[in-house]
Amino acid sequence: MDSTFALVLGNETTGKRPWQGVIKFVAIHGRALTAAQVQQNFAAGVGERYYLLFNVSALTGVLQSFIMVEGSQYDSYSYLFRKPRFISLDPNAVPANIALSAIRIGVNGTIARVGQSYARVNATVGSPNYTFADGQLLSNVGAVIASDKGADSDMFFLSFDQLGSNVHPFVEATLSNPPMTPDNTPRADWGIATFERVNRSLSAITGVPITNSTISALYNSAQQIAAARAADRRVPAGPPDGHHAAGHGLLRTAGRYTVAA
């Protein structure tokens, strides 16, 4: 071990680059972990795990029956729920053909809008899937639900589309999209027009044909000036636009159209 090196977590040794996050768990091992040990640590997670019991006895008619869900704080903003299962603490309970569908998790009186992995659950609780020792697993997937007031204050509940003979289909909230109000404010139509286009527009406005001898001579002169300037600047020569043909030439052309008209 080299004592000249420092172990720093979440920053540089200078202390000038703090990491904007939360370190939940740190472990240093003096040996390489086996694949099984890595998997075990991953499955254990980084937060405390709780078993949440939601009493459903009144809805199922089964004494001391619950929906049990594993819950833990996933990060600073959400919770992870796993392995929802139907259980009864009564060893003599024999649930039979209890319909259960669409479990949703709510926080502080409101159904969470996203993360509802158990909304697709569709199961029948009873033999042979139910046993007193293990209950009946309802889903193998996890659900990540956003935190509301924080781990010390958030209260959870479950809703079901159906549980036993009780039916209460969940209705998704309708998101209204108000019609957009058209903006009819007059605005200038800005753009770039070639000198040729300007020449034709002036002809259309004034009624003077572009073949008019005075107009044609002035237009050809402007083209030659534009080509010469393009050559001097070593850019490809082409139809002159307002940048290459001098503004003076454009004004002169407009003046000629006015006189000719």
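Throughout, numbering of the chain's residues begins at 1 and tracks the sequence.
With contacts defined as side-chain heavy-atom distances shorter than 4.5 Å, the pair Tyr79/Ser72 does not qualify. For the pair Ile87 and Leu53, the minimum side-chain heavy-atom distance is below 4.5 Å. Annotation: side chain of Met68 is not in contact with side chain of Phe54 (no heavy-atom distance under 4.5 Å). At a threshold of 4.5 Å between non-hydrogen side-chain atoms, the residues Ser159 and Ile111 count as touching. Side-chain contact between Leu158 and Tyr118 is absent, with no heavy atoms from C-beta onward closer than 4.5 Å. Residues Thr124 and Leu100 are not in side-chain contact: their nearest non-hydrogen atoms beyond the backbone lie 4.5 Å or more apart. Looking at Lys83 and Val69, their side chains never come closer than 4.5 Å, going by heavy atoms from C-beta outward. Side-chain contact between Asp161 and Arg104: present, with at least one pair of heavy atoms (C-beta onward) separated by less than 4.5 Å.
To the nearest 0.5 Å, atoms CG (Asn108) and NZ (Lys149) are separated by 5.0 Å. Interatomic distance, CZ of Phe86 versus OG of Ser65, reported as 4.0 Å (0.5 Å rounding). A distance of 9.0 Å separates CZ in Arg85 from CG in Asn140, rounded to the nearest 0.5 Å. Taken from CD in Gln64 to CG in Asn55, the straight-line distance is 8.5 Å, to the nearest 0.5 Å. Rounded to the nearest 0.5 angstrom, Ile145 CD1 and Asp154 CG are separated by 11.5 Å. One finds the CD atom of Gln39 at 9.5 Å from the CG atom of Asn41 (value rounded to the nearest 0.5 Å).
Of all non-hydrogen atoms in Val8 and Glu12, the two that sit nearest each other are CG1-O, 3.9 Å. Here the shortest heavy-atom pairing between Asn166 and Leu59 reads ND2-O, 3.0 Å. The two residues Pro84 and Leu137 come nearest to each other via the heavy atoms O-CD1, 3.6 Å. Taking every heavy atom of both residues into account, Val208 and Ser203 meet most closely at O-OG, 2.5 Å.
With 3.5 Å as the limit, one finds no donor-acceptor pair spanning the side chains of Ser88 and Asp90.
The number of heavy-atom neighbours closer than 6.0 Å to OH of Tyr51, taken from other residues, nucleotides and ligands shown, is 12 or below. Other residues, nucleotides and ligands contribute only 12 or fewer heavy atoms inside 6.0 Å of the CG atom of Asn97.
By the criterion of side-chain heavy atoms lying less than 4.5 angstrom apart, applied directly or through intervening Ile, Leu, Val, Met, Phe, Trp or Tyr residues, Leu163 is grouped together with Ile105 in one hydrophobic cluster. Cluster annotation: Leu89 is not connected to Tyr130 through the hydrophobic network of ILVMFWY side chains, with a link wherever side-chain heavy atoms come within less than 4.5 Å. In the hydrophobic clustering of this structure, Ile67 groups with Tyr50; members are Ile, Leu, Val, Met, Phe, Trp, Tyr whose side-chain heavy atoms approach within less than 4.5 Å, directly or through other members. Leu33 and Val26 fall into different hydrophobic clusters, defined by Ile, Leu, Val, Met, Phe, Trp and Tyr side-chain heavy atoms under 4.5 Å apart, directly or through other members. Val167 and Leu138 fall into different hydrophobic clusters, where Ile, Leu, Val, Met, Phe, Trp and Tyr side chains are chained together by heavy-atom contacts under 4.5 Å.
Distance alone, capped at 3.5 Å, places no donor-acceptor pair between the Ser78 side chain and the Tyr74 backbone. Side chain of Gln162 to backbone of Gly164: a donor-acceptor contact under 3.5 angstrom is found.
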Checklist line | Worked check of side-chain contact (heavy atoms from CB on, under 4.5 Å) between Ile215 and Asn199 | finding: CA-CA 9 Å; Ile215 298 298; Asn199 188 43; 3.8 Å; yes
Please walk me through it: do Arg82 and Arg49 pass side-chain contact (heavy atoms from CB on, under 4.5 Å)? CA-CA 10 Å; Arg82 300 173 64 243; Arg49 184 176 300 172; 3.8 Å; yes
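Ring centroid separation for the pair Phe81 and Phe156 comes in under the 6.0 Å cut-off.
In this structure, Glu196 pairs ionically with Arg200, as a charged nitrogen and a carboxylate oxygen lie closer than 4.0 Å.
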